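Because only heavy atoms are used, hydrogens play no part in the values below, and waters and symmetry mates are left out as well, while side chains stay in. Bear in mind the structure is a predicted one, so any value in this text is a computation, not a measurement.
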Amino acid sequence: MKRFGYVRDPVCLAACALYAANRWLIPVAFKGIFLRSYFSDVLLIPAALPPVLRLHRWLGLRANDEPPGWREIALHVAVWSIAAEVVAPHFFARATGDAWDVVAYAAGALVAGLVWNR
């Protein structure tokens with residue numbers, strides 16, 4: 001199987017570039033509800049999972065350099081969903097739990113997973 005590029009992975013690089021463009025290049029006046037509220041959530045797994053998996057590899061928690069499998073992707077979607085939508089609102093005043101954010105995480109994970117596991 002092909003070796004996974006972690007932070008050099010094209011999906012990760014594209015997600016990071018799209019996040020940066022949405023965050024710093026597109027004026028708020030041009031953003032609809034999706035770009036304002038959910039686009040960054042769609043990019044969470046494609047952008048954040050590769051560096052986390054690299055850290056897991058360095059710490060010996062990941063035994064191979066293969067692209068993330070479906071179980072690995074699903075586990076991280078579940079953990080991040082719980083952390084961001086259930087736990088964080090109890091500790092941070094600006095955080096709110098939103099089930100649509102979880103849908104966005106899952107949608108981004110599905111697209112990234114399809115590319116990683118093609």
Side-chain angles (χ1 to χ4, degrees):
M1 181 164 273
K2 185 179 174 188
R3 184 184 159 131
F4 186 55
Y6 297 102
V7 295
R8 292 176 287 113
D9 176 70
V11 173
C12 178
L13 294 173
C16 291
L18 287 169
Y19 176 83
N22 187 53
R23 178 84 165 95
W24 293 298
L25 297 179
I26 301 173
V28 175
F30 295 131
K31 293 183 185 181
I33 187 72
F34 177 73
L35 288 178
R36 275 196 323 267
S37 300
Y38 300 108
F39 188 58
S40 61
D41 295 329
V42 169
L43 300 173
L44 174 67
I45 299 298
L49 184 58
V52 168
L53 294 180
R54 182 74 205 145
L55 178 62
H56 289 179
R57 184 73 167 127
W58 284 338
L59 295 173
L61 301 173
R62 190 166 201 255
N64 60 56
D65 287 318
E66 295 176 358
W70 290 108
R71 285 183 181 173
E72 204 167 25
I73 294 168
L75 172 67
H76 283 87
V77 170
V79 168
W80 285 334
S81 295
I82 292 167
E85 306 305 326
V86 177
V87 175
H90 293 291
F91 295 99
F92 301 101
R94 292 184 59 196
T96 57
D98 182 1
W100 286 109
D101 288 346
V102 176
V103 172
Y105 303 152
L110 176 63
V111 172
L114 289 171
V115 174
W116 288 329
N117 291 287
R118 64 175 182 254

Trace of the side-chain contact (heavy atoms from CB on, under 4.5 Å) decision for R54 with D65: CA-CA 9 Å; R54 182 74 205 145; D65 287 318; 3.9 Å; yes
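- With hydrophobic clusters built from ILVMFWY side chains whose heavy atoms lie under 4.5 angstrom apart, W116 does not share a cluster with V42.
- Side-chain atoms of E85 and T96, non-hydrogen and from C-beta on, never get closer than 4.5 Å to each other.
- By the neighbour-count criterion of 12 heavy atoms within 6.0 Å, atom CH2 of W100 is sparsely surrounded, having that number or fewer from other residues, nucleotides or ligands.
- The nearest pair of heavy atoms linking C16 to A47 is SG-CB, 3.9 Å.
- To the nearest 0.5 Å, atom CZ of residue R3 and atom CG of residue N64 are 10.5 Å apart.
- Taken to the nearest 0.5 Å, the CG atom of L44 stands 13.0 Å off from the CZ atom of F39.
- Taking every heavy atom of both residues into account, P68 and N117 meet most closely at O-ND2, 3.1 Å.
- In this structure, F92 is a member of the same hydrophobic cluster as V87, with clusters built from ILVMFWY side-chain heavy atoms closer than 4.5 Å.
- Considering only heavy atoms from C-beta on, W80 comes within 4.5 Å of L49 through its side chain.
- The closest donor-acceptor contact from the side chain of K31 to the backbone of S37 lies at 3.5 Å or more, if one exists at all.
- Atom-to-atom distance recorded for I73:CD1 and L110:CG is 9.0 Å, nearest 0.5 angstrom.
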Working for side-chain contact (heavy atoms from CB on, under 4.5 Å), residues D98 and Y38: CA-CA 10 Å; D98 182 1; Y38 300 108; 3.2 Å; yes
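- Residues L43 and Y19 share a closest heavy-atom pair of CD1-N, 3.5 Å.
- In this structure, V11 and A112 approach most closely via the heavy-atom pair CG1-CB, 4.0 Å.
- Note that CG of D9 and CZ of F4 are 4.0 Å apart. Values are rounded to the nearest 0.5 Å.
- Contact of the E72 side chain with the R62 side chain is registered, since non-hydrogen atoms from C-beta on lie closer than 4.5 Å.
- Here the shortest heavy-atom pairing between G108 and P46 reads O-CG, 3.6 Å.
- Hydrophobic clustering (ILVMFWY, side-chain heavy atoms < 4.5 Å, transitive): V111 and F34 are in distinct clusters.
- When side chains are defined from C-beta on, R57 counts as touching Y6, because their heavy atoms get closer than 4.5 Å.
- Contact between P50 and I45 at its shortest, heavy atoms only, is CD-O, 3.7 Å.
- Using a 4.5 Å cut-off between side-chain heavy atoms of Ile, Leu, Val, Met, Phe, Trp and Tyr, with links allowed through other members, L114 and V77 fall into the same hydrophobic cluster.
- Cluster annotation: I82 and F91 are assigned to the same hydrophobic cluster (Ile/Leu/Val/Met/Phe/Trp/Tyr, side-chain heavy-atom contacts under 4.5 Å, transitive).
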